[in-house]
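Below, chains carry the letters A, B, ... as their sequence lines are ordered, and counting in each starts from 1.
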Amino acid sequence: MRAYKAKGDVQAKPYYTDRYWVAPQVAKFDVESDEVFAKDLEVIKSKFDVLEAFIQVEQMTVFIKPEDNYRVLELLKNELEYTQLSEMSAIDFLETRDGFEVFYQMLSMNKRKRVRIKMFIKNGVAVNSVEKLFRSADWSEREMFDMFGIEANDHPFMKRILMPYDWQGYPLLKSYPLQGDEFASWYEVDKIFGKEAREEIGPEIRDTATIDRYDSERFARLGHEVPKGTKITGNEPKVTQSYQEDGGVFLIKKLDRDNSKVIDDPQR
Amino acid sequence: MAQIKNRLTPFFENITFDRDDNELVLNFGPQHPSAHGQLRLMLHLQQEQIVKAHPDVGYLHRGMEKMAENMIYNEFMPTTDRMDYIASSSNNYGFALAVEKLVGLEVPRRAKVIRMMLLEINRLMSHLFWLATTALDIGAMTVFLYAFREREYLMDIIEGYCGARLTHSAIRIGGVPLDIQDTFIDQLKNFLDNFPQAIKDYEDLLDKNRIWLMRMEEVGVISTEMALSWGCSGPMLRASGVAWDIRKDEPYELYDEVEFRVPWSDKGDNYARYRVYMEEMRESAKILYQTIDMYKKTQINNQTELMAHSPKYISAPKLDIMTQNYSLMQHFVLVTQGMRPPVGEVYIATESPKGELGYFINSQGGAYPYRLKIRAPSFWHTGILTDLLPGHYIPDVVSIIGTTNIVFGEVDR
């Protein structure tokens, strides 16, 4: 039987995983263990639903409902002194939970604390833009849209940022192969020459170590050199070439093919 | 006119232009010597004044976050070099620290000291490079040559340590691979002794230079609110009135043991940023002097370990691998399959020369990170140009891009 491969996750997998191996957890601590975080969480809890909250690696993670994101961040910014949104993006859980986790990484310089606000959104649902609160979200939300296809409502310019505007597909999804999909591999050809030119031009060679022995235009025929542009039949004789510096090289003797013994048997 | 999705013709044919004003759209870049890389700026001009700026990035996008999801943790280390390639050790370090926090490793003291040396040398290299290129953009060729000379000494030291000048990969998860070479301390001391004079030379050339002042003072003013809102960090933030340095305020490594000031300014203009960079170079030199003493102390105390001891995550020292069967087996598994950090999340920010460099790692317990987000400071320092450039004139664009110190390997990742 062929091994089952999840179509929603085409990323590389380690070649071997012990079947009895259970992954340990990074320690989660109760929010009560930190005074500052406990107070902050109290304020958030008094106004919004908090699904889960804990401290992991010295930072508080708070799970909220996706519809509250703008108002929670507003609260954090205006009342709890978390003045900077240092980072935001999403994590793809489409395969397992049919949705994304969106996180907002907040920084309070006065308290010297960092809080991560997280929320789970279903596939195809847009988030509320927080661009009005933090200008930095302008670009991060565009990046999130570019990479995951998650749109932000009320965003002033919801366009791709890193990929070309006319790109199809969302590169950071687990269903997007590392080598790119068909659209990606024919992007330049389709755009410049049109789809009908695909056959004539041929696929892009992505493996830089590829050697095409019928290619007489490039340096791919070491030992089988022919004049540039020659049609190659595949039966050319091997060119015996030897590179030697004129004055000789220190410690290296001049190669004499006639007197040297060629070992054909790889097993010796 | 609505855009038609999936239409094969280029999208810009669907845009209609209203020509009811004198606005000129100037396309600045993506190939422009003063854009410091592949930055495309679409500038709407009224005469020579910019009324709207639209930075366009992505020309150097290599999909590093995607690559990270398809690699073991150690494999990703050389890729981080290619982000901020002016100071690549700081990228290595940010990633290494994030993974160390995720798995809970304690790095030996000597490795910490060496890392700090590398980080500060990288900071100096980056700042010198910044000074050189910015000065060149403004037209100060001499400073460019002087600053590159000093940077060359530092690159020689780094080259002696790890063999590379630009892409160091000199830091590993769990420590450093090598002890510093015998000549390292002497070379570094020699450099540091002459460095104050070098900084003074730059300042003599620039500080009261009429052209420099005209291009720098009151140009590109970023208010505190704007800097905070745009997620600015590092010198950009410190020049706008927030004395926030992660090395000082959330100390990592041994930064809580060294003494240094955090230079800052409340002016927020190009000149303030220039001053912050210059002062930071002095502070870095101060830190480097102290790390030399710290290193000598580790020699006296015979603290020779360079890598953390954690057989689950870190290979044993070479001697053990060569002599002990179990270490060899561990090493084989760690190289071929990679370490498997516990399930959890971590966001670790470090003060890279450009600002807050953060790594967010979501691990699902696998050998590959489930999600790795790189928070590169330059990304937002480019974004701020949208709000910063309007009102300025075309020549100011060059000096503003210069002082934001953006590196496109980092912006596009």
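Checked against side chain to side chain contact (heavy atoms under 4.5 Å, CB included), Arg198(A) has the following partners two or more places apart in sequence or in another chain: Glu182(A), Trp186(A), Val189(A), Asp190(A), Lys195(A). Residues that satisfy the side-chain hydrogen bond (donor to acceptor under 3.5 Å, both in side chains) test with Arg135(A), not counting sequence neighbours, are Glu131(A), Asp138(A), Asp387(B). For Tyr104(A), the ring pair (Phe, Tyr, Trp, His ring centres under 6.0 Å) criterion is met by no residue, not counting sequence neighbours.
There is no contact between Ala27(A) and chain B, counting heavy-atom distances below 4.5 Å. In this structure, chain A has a heavy atom under 4.5 Å from the side chain of Phe360(B), while its backbone stays farther away. Proximity to chain B involves both the backbone and the side chain of Val26(A), based on heavy atoms less than 4.5 angstrom apart. Neither the backbone nor the side chain of Phe183(A) comes within contact range of chain B; no heavy atom of the residue lies under 4.5 Å from a heavy atom of that chain. Contact of Leu173(A) with chain B is made through the backbone alone, with heavy-atom distances under 4.5 Å. For chain B, no part of Arg160(A) is nearby; none of its heavy atoms comes within less than 4.5 Å.
A side-chain contact (heavy atoms from CB on, under 4.5 Å) with Leu41(A) is found for exactly one of Val36(A), Val50(A), Ile55(A), namely Val50(A).
Under a cutoff of 6.0 Å and an axis angle of 45°, Lys132(A) and Tyr70(A) do not form a cation-pi pair.
Taking the six-membered ring for Trp and the full ring otherwise, the centers of Phe157(A) and His54(B) sit less than 6.0 Å from each other.
Among the residues in residues 13-24 of chain A, those with a non-hydrogen atom closer than 4.5 angstrom to a non-hydrogen atom of chain B are Lys13(A), Pro14(A), Tyr15(A), Tyr16(A), Thr17(A), Trp21(A), Ala23(A), Pro24(A).
Among Gly104(B), Gly58(B), Pro342(B), the residue with the largest count of heavy-atom pairs under 4.5 Å with chain A is Pro342(B). For the options Leu60(B), Ile348(B), Val346(B), heavy-atom pairs under 4.5 Å to chain A are most numerous at Val346(B). Ranked by heavy-atom pairs shorter than 4.5 Å toward chain A, the options Pro377(B), Ser363(B), Gly344(B) are led by Gly344(B).
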Q: Take Asp92(A) and Gln11(A) through the side-chain contact (heavy atoms from CB on, under 4.5 Å) test and state the conclusion after the steps.
A: CA-CA 12 Å; Asp92(A) 174 3; Gln11(A) 305 304 296; over 6 Å; no
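The pair Lys113(A)-Glu58(A) does not meet the salt-bridge criterion, since no charged nitrogen lies less than 4.0 angstrom from a carboxylate oxygen.
Taking the six-membered ring where the residue is Trp, Trp139(A) and Trp230(B) present perpendicular rings, their angle passing 60° and hence far from 30°.
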